[in-house]
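Protein chains get the first letters and strands the later ones, always in sequence-line order, with residue 1 at the start of each.
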4 protein chains.
Amino acid sequence: MITSSTTTTIGRPRDARTDRAILAASLELIAEVGIHDFRMDDVAERARVGKSAIYRRYRSKDELVGATVAALVSEIDVADTGDTREDIVALMNGAVDVYTDPIRAAVMPSLVGAMQRRPELARTIREGFLTGRRDALREVLTRGIARGDLAADLDMELALDVLGGPLFYRLLITGGPINRELAEGVADLVMRGFADTMKEKAA
Amino acid sequence: MITSSTTTTIGRPRDARTDRAILAASLELIAEVGIHDFRMDDVAERARVGKSAIYRRYRSKDELVGATVAALVSEIDVADTGDTREDIVALMNGAVDVYTDPIRAAVMPSLVGAMQRRPELARTIREGFLTGRRDALREVLTRGIARGDLAADLDMELALDVLGGPLFYRLLITGGPINRELAEGVADLVMRGFADTMKEKAA
Amino acid sequence: MITSSTTTTIGRPRDARTDRAILAASLELIAEVGIHDFRMDDVAERARVGKSAIYRRYRSKDELVGATVAALVSEIDVADTGDTREDIVALMNGAVDVYTDPIRAAVMPSLVGAMQRRPELARTIREGFLTGRRDALREVLTRGIARGDLAADLDMELALDVLGGPLFYRLLITGGPINRELAEGVADLVMRGFADTMKEKAA
Amino acid sequence: MITSSTTTTIGRPRDARTDRAILAASLELIAEVGIHDFRMDDVAERARVGKSAIYRRYRSKDELVGATVAALVSEIDVADTGDTREDIVALMNGAVDVYTDPIRAAVMPSLVGAMQRRPELARTIREGFLTGRRDALREVLTRGIARGDLAADLDMELALDVLGGPLFYRLLITGGPINRELAEGVADLVMRGFADTMKEKAA
DNA sequence: TAATAACCGAGACGGTACGTCTCGTCTTAGG
DNA sequence: CCTAAGACGAGACGTACCGTCTCGGTTATTA
């Protein structure tokens, strides 16, 4: 999406209703027919908008898809229950909920393909879908270390990938179930696998 | 791919050189321009072959892509060193090697997208890239359980997803490094996280 | 139009029915809706043909229009009645008939505009609509000189333009009537204006 | 062009500099890129004017083109040398001069096409380019008849078309030369072809 | 002086045709 | 029946241009 850096509005400003109509039509259509049968002309017709209004905002179909999906990003609230495992499970359940939603689940695989050839889309997606939750998890893990629940020398990136990887693996490739059992399974695994061994030995 | 059920060859037999030329051209082009700019006409031209020769062998573009990629599958040898961790690491390193190869790495994201709308492509890919290694890992884990290195009640599917997930997660989404450190990291995590607690307590 | 110079037909040959369907649809549509509302997509639909089949034959809309109109060219038969005036009138009446046809009359002005920016269209039109009749008139005038009806030193190009100009002038600009009176009028004028003065004086 | 019927100017009056800037830009652009690549947006940009300022003055592109070209019309002075042929030649030379100007020559063919679908443009053009000279020629011819140089029963419309037709014929269709030779050629032809035969016989 | 009305530049808007592209199929002549 | 070459129908793509509309603001006349 193109965003003006200056606030100075010269000429007729973009119509916010058009903005919304385009994204709404786009989301509806993606949900209804899937990415593969998603057509720009249909978006224009559904949104009662000229194609030019779309292409003025998004340089290409992929860009529109990216923006449409990015709009689905939901807020993440980092719980702090005092229990490291519970905090991890809470965040993982949030992710499970996101990819249980049929639209997001249907859209994700297509986005993966598009990310390769559109670096800026990749950035958008990563920031919209990953960074937030990843940062939240990092915070929780760090608190877990401080609390003595987790080893101080754990490979943080690996831990985050072990938490997030299986979910996407099932979503994109194996087709395995994405549910609370998964969320708790990886949480428990991380808790056990990265447990503070010093503490254990001390005990 | 279409394979004749009868061995009886009536009329002119298919030219094996044409078979090879098509797959070779296909692989070259995918590597050069990426899946997105991969065109059937280009394959025909590069292979010095008519388009009909391609469509006689593969019903669609996706099918050709699937076959091309499937041809990249390498043999998996299930080591049995007697050491569960070493066996896991060996298999994981095999996977790391596969996705370190630029072609396979470049092709995978596109395949993920295509898998959604082409169930048979999905099956081909899963069988070509996953099943073999997954079965091998399952075998190794089962031996680990028998050997008392791993808990008898471990969630096998979860364990396999924890081993495979992070690799694909980095490949497809985060862009994180895919190397021996990752292989060993997830192996160690599984070894620790799914350790046979009975044995530990006994010790 | 693109015409292969070699007779060697390799690959699937152009379908002559497609050729005809395109030109027929084009002519029908021009006649029905006029040049201004003439659309390539409509031609494709009417001809039950893909747009690519059209663009394979004609590089642009202008080119198709040109070819469509060129197909309207009618045969010119150079009469030789022995009477110079009658021969001229016969040829002029042929031209009058052509531009009395509503389709040709409606199409001509648009072609004039297109001729400026499409030299090869210009050539096509000139050859299709002018050269033949012009050559025929030249022949008749030459015979008239030989016969002593016309001055030997007449400016042939001027004579031809005086014969043809008024017709196009009325067609394209003044909107004046195009009829036998005009044909006879210019014929008589040329007969009188370019009469062999030597002969007159001799008489 | 829209002209207020009331002289009462309410609100801000039109800026005369804007009027001029639009016409100037329009003329420049037509001369530079030709009618076919002439865009309203370009006019606005070149004239440093909003598109609305243009459309407030001219209802359409064709209308602007018409007005731009009409501004090129030059004054016609009907000479009265006492010599019919000289008067005709003088007027014809004026026309030759007009269409020797590259801009007018380049613009005319496009106008012909536009005239068909824009009757009021047609009127503008006819009045701007034809009526004046046609009236002048008619006057000269009428004087020629009175003077006995031309036949009283000549077909005036035909005579006028024979004078004007060849020029436009060459301009629009044949591409033949437009020069004094042409002017004199048609003048002489009309003088001879429509000569007063009564007078001749009398002589 | 304030209100009103039409002007101004900039640029977004809906609409629509264009010419391009690719897919998967079909049609030749020839091996 | 295979092959290469390439035409075919279908239909989405992204671009271009038109003529209209909307914004914030300006410049005159009228109240």
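- Checked for salt-bridge contact, Asp19(B) and Arg57(B) meet the test: a charged N lies under 4.0 Å from a carboxylate O.
- Side-chain proximity of Ala53(B) to dT3(F), dC13(E), dG9(E): nearest is dT3(F).
- Across the protein-nucleic acid pair, Ile54(D) atom CD1 and dC7(E) atom C1' stand 15 Å apart, rounded to whole Å.
- One can place NE2 of His36(D) at 12 Å from C1' of dA17(E), the figure rounded to the nearest angstrom.
- Within the 4.0 Å cut-off from OP1 or OP2 of dC8(E), at least one side-chain nitrogen or oxygen of Arg57(D) is found.
- In the set dA6(E), dC13(E), dC8(E), the nucleotide with an atom closest to the side chain of Asp15(D) is dC8(E).
- Rounded to a whole Å, the CG atom of Leu64(D) is 15 Å from the C1' atom of dC17(F).
- Nucleotides of DNA chain F nearest to Val49(B) and Ala47(C) differ in position, and the one nearer the 5' end is that of Val49(B).
- The CZ-C1' distance, from Arg56(C) to dC8(F), rounds to 6 Å in whole Å.
- Ile22(B) places its CD1 atom 8 Å from the P atom of dA4(F), with the value rounded to the nearest Å.
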For nucleotides 22-26 of chain E, which of its nitrogen or oxygen atoms have a protein nitrogen or oxygen under 3.5 Å away, and what is each distance?
unit_1	atom_1	unit_2	atom_2	d
dT22(E)	OP1	Arg39(B)	NE	2.3
dT22(E)	OP1	Arg39(B)	NH2	3.0
dT22(E)	O5'	Arg39(B)	NE	3.4
dC23(E)	OP1	Lys61(B)	NZ	2.9
dC23(E)	OP2	Met40(B)	N	3.1
dG24(E)	OP2	Tyr55(B)	OH	2.9
dG24(E)	OP2	Lys61(B)	N	3.2
dG24(E)	N7	Lys51(B)	NZ	3.2
dG24(E)	O6	Lys51(B)	NZ	2.9
dC26(E)	O2	Arg12(C)	NH1	2.8

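- Of the charged side-chain nitrogens involved, at least one lies within less than 4.0 Å of a carboxylate oxygen, so that Arg46(A) and Glu32(A) count as a salt-bridged pair.
- Residues Val112(C) and Met108(D) fail the side-chain proximity criterion, which asks for heavy atoms closer than 4.5 Å.
- Atom CZ in Arg17(B) sits roughly 11 Å away from atom P in dT3(F) (whole-Å rounding).
- Taking for each of Pro13(A) and Gly11(C) the nucleotide of DNA chain F with the nearest heavy atom, the 5'-most of the two is the partner of Gly11(C).
- Electrostatic pairing of Asp41(C) and Lys51(C) counts as a salt bridge here, judged by a charged N lying under 4.0 Å from a carboxylate O.
- One can place CG of Asp42(C) at 11 Å from C1' of dT16(E), the figure rounded to the nearest angstrom.
- Between Phe38(D) and Ser26(D), the closest side-chain pair of non-hydrogen atoms falls below 4.5 Å.
- We find that Arg39(D) and Asp37(D) are joined by a salt bridge, their nearest charged nitrogen and carboxylate oxygen being less than 4.0 Å apart.
- If you take CG of Asp37(C) and P of dT16(E), they are 12 Å apart, rounded to a whole angstrom.
- Between Thr18(A) and Ile22(A) there is a side-chain heavy-atom pair separated by less than 4.5 Å.
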